[in-house]
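Residue numbers begin at 1 in each chain, while the letters A, B, ... track the order of the sequences. Both backbone and side-chain heavy atoms feed into the values below; hydrogens, waters and symmetry mates do not.
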Number of protein chains: 2
Amino acid sequence: MSQKGVGVDLETSLGYLLKEASSALRAAMEEVLRPLGMSVTHYSCLELLAQRPGLSNSELARGAFVTRQTMSVLLQALERDGYVTRPAEAPVGKALPARLTPRGRRSLEKASAAVRSVEARMLADLTGAEQSDAFRILQRMIRSLRDDDGGA
Amino acid sequence: MSQKGVGVDLETSLGYLLKEASSALRAAMEEVLRPLGMSVTHYSCLELLAQRPGLSNSELARGAFVTRQTMSVLLQALERDGYVTRPAEAPVGKALPARLTPRGRRSLEKASAAVRSVEARMLADLTGAEQSDAFRILQRMIRSLRDDDGGA
DNA sequence: TGACTCATGTCAGCATTCTGACATAGCTTG
DNA sequence: CAAGCTATGTCAGAATGCTGACATGAGTCA
């Protein structure tokens with residue numbers, strides 16, 4: 001099954017497997033969030049705000065792995081629909097700290113439970129040690145990818 | 001740092017870390033492919049065809065984790081630009097087996113080398129054993145996510 | 001103080017991908 | 001053989017996310 005030195009062997013490529021896992025996770029999340037009328041990005045934004053209240057639009061964008069333009073559009077919708085509030089004026093600089101409203105918190109609760117169940121299912125066949133290994137290894141991968149960004 | 005039982009703790013969530021790793025990998029790939037005038041999906045399609053010649057549009061879509069509509073658009077462009085050929089008539093059923101042209105193969109060579117270097121950088125700090133662990137664990141995660149799709 | 005750099009929010013335009021729908025080909029089953 | 005099921009390719013429309021560009025606020029430094 002090994003390749004003749006040509007190309008990336010998809011059967012044994014960790015990069016391909018990573019993409020596959022991420023794709024499967026996203027699909028599973030979309031499936032449980034759809035009945036709640038929520039997209040993955042939508043959920044990510046609320047979850048970030050629940051854990052780190054006062055995050056700005058740009059910070060939320062980085063946390064959800066989208067551009068700040070994309071997050072800006074989403075945030076405006078969330079604010080319009082009453083899930084999130086932002087002050088009219090920036091307390092410092094231009095950054096507007098966003099916070100969940102009670103309605104946003106309520107909406108997040110159901111979604112968060114659904115997402116937790118998906119994550120639990122994903123980890124069902126793994127021992128605690130394996131989960132720790134995975135955590136450590138993934139962190140190492142991320143750091144290596146970012147460290148010499150285009151340096152070398 | 002642990003949460004009060006509320007929500008998914010992003011600091012310790014393997015799901016979040018998986019998304020982060022996948023996002024970092026994608027960004028790194030885009031960075032090296034951009035100078036070659038190639039997108040990640042573009043590259044994925046060519047790489048799939050190099051390793052499994054004769055794949056149909058739908059099969060390529062599944063392999064690249066996009067819908068067949070998306071792959072169809074891409075494939076038409078690749079065919080128009082001379083990277084890929086497909087017979088005018090389906091030899092069986094409706095599926096048109098696609099193949100790389102010499103031009104497609106040449107174009108893929110550079111891209112594949114670039115992507116290999118990214119993957120190597122990602123794995124630079126990992127031992128062989130760790131890579132095997134990661135492979136096994138990721139496969140387990142994928143299977144768990146797919147097995148009871150919405151069953152439970 | 002003034003110039004420079006950096007991060008932020010926002011607008012406009014574009015690219016990519018998806019969902020929904022339809023017709024067709026092959027297989028299975030009664 | 002006919003009906004039903006599944007997979008495939010394709011078209012149309014819409015949603016989503018991105019790039020490019022601009023102005024503003026804050027910190028740095030000469």
Side-chain angles (χ1 to χ4, degrees), chain A residues 19 22-24 26-31 33-35 37-45 48-49 52 54-81 84-99 149, chain B residues 19 22-24 26-31 33-35 37-45 48-49 52 54-81 84-99 149:
Chain A
K19 185 173 176 181
S22 176
S23 171
R26 185 177 190 88
M29 287 177 66
E30 278 171 352
E31 189 176 2
L33 288 176
R34 189 186 323 263
M38 208 179 286
S39 75
V40 173
T41 314
H42 189 124
Y43 158 75
S44 301
C45 180
L48 279 163
L49 279 179
R52 310 211 256 277
L55 248 45
S56 72
N57 175 47
S58 287
E59 290 168 326
L60 285 168
R62 281 192 292 271
F65 312 108
V66 296
T67 62
R68 62 207 160 134
Q69 291 90 333
T70 297
M71 183 54 73
S72 179
V73 173
L74 173 61
L75 214 41
Q76 281 169 13
L78 290 177
E79 196 173 14
R80 167 176 50 80
D81 297 344
V84 162
T85 47
R86 283 185 293 179
E89 299 261 321
V92 57
K94 298 184 67 179
L96 294 172
R99 293 183 180 280
D149 207 343
Chain B
K19 185 173 177 179
S22 177
S23 171
R26 185 176 189 91
M29 286 177 65
E30 277 170 354
E31 189 177 2
L33 288 175
R34 190 187 320 265
M38 209 180 284
S39 75
V40 173
T41 315
H42 188 125
Y43 158 75
S44 300
C45 179
L48 279 163
L49 279 179
R52 309 212 256 275
L55 247 46
S56 72
N57 176 46
S58 287
E59 290 168 326
L60 286 167
R62 280 192 292 271
F65 311 108
V66 296
T67 61
R68 54 189 189 197
Q69 292 90 332
T70 297
M71 182 55 73
S72 179
V73 172
L74 173 61
L75 215 41
Q76 281 169 13
L78 290 176
E79 196 173 14
R80 167 175 51 80
D81 297 343
V84 162
T85 47
R86 283 185 291 180
E89 299 262 321
V92 57
K94 296 185 70 179
L96 294 173
R99 293 182 179 279
D149 206 344

Would you mind classifying the nucleic acid contact of [X] as base, sugar-phosphate or nothing, using non-hydrogen atoms under 4.0 angstrom?
X	value
A:Thr41	sugar-phosphate
B:Arg62	sugar-phosphate
B:Ser39	nothing

Atom-to-atom span, [atom1] of [X] to [atom2] of [N] - whole angstrom:
X	N	atom1	atom2	answer
A:Gln76	C:dA12	CD	P	11 Å
A:Glu30	D:dG17	CD	C1'	14 Å
B:Arg34	D:dG20	CZ	C1'	13 Å
B:Leu96	C:dT24	CG	P	16 Å
B:Asn57	C:dT24	CG	P	19 Å
A:Leu74	D:dT16	CG	C1'	11 Å
B:Glu79	D:dG9	CD	P	12 Å
A:Arg26	D:dT16	CZ	P	11 Å

Counting distance only, does the side-chain N/O of B:Ser72 pair as donor-acceptor with the main-chain N or O of B:Arg68 below 3.5 Å?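 Checking the backbone N and O of B:Arg68 against the side chain of B:Ser72, no donor-acceptor pair under 3.5 Å is found.
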Is there a side-chain contact between [X] and [Y] in this structure, where contact means two heavy atoms from C-beta onward sitting under 4.5 Å apart?
X	Y	result
A:Val40	B:Lys19	yes
B:Arg26	A:Ser22	no
A:Leu55	A:Leu49	yes

Residue pair B:Leu48, B:Arg52: steps toward the side chain to side chain contact (heavy atoms under 4.5 Å, CB included) verdict: CA-CA 6 Å; B:Leu48 279 163; B:Arg52 309 212 256 275; 4.1 Å; yes
Separation between NE2 of B:His42 and CG of B:Leu75, rounded to the nearest 0.5 Å: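 With rounding to 0.5 Å, NE2 (B:His42) is 10.5 Å from CG (B:Leu75).
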Side chain to side chain contact (heavy atoms under 4.5 Å, CB included) between A:Arg86 and A:Gln76: does it pass, once the steps are laid out? CA-CA 10 Å; A:Arg86 283 185 293 179; A:Gln76 281 169 13; 4.0 Å; yes
Closest-nucleotide ordering on DNA chain D, the 5'-leading residue of A:Pro91 and B:Glu59: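 Going by which nucleotide is closer to the 5' end, it is B:Glu59.
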Closer to the 5' end of DNA chain D via nearest nucleotide, is it A:Gly93 or B:Ala95?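 So the residue in question is B:Ala95.
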Interface with DNA chain D, restricted to residues 63-71 of chain B and to heavy atoms under 4.0 Å: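 Result for residues 63-71 of chain B: B:Arg68, B:Gln69, sorted by number.
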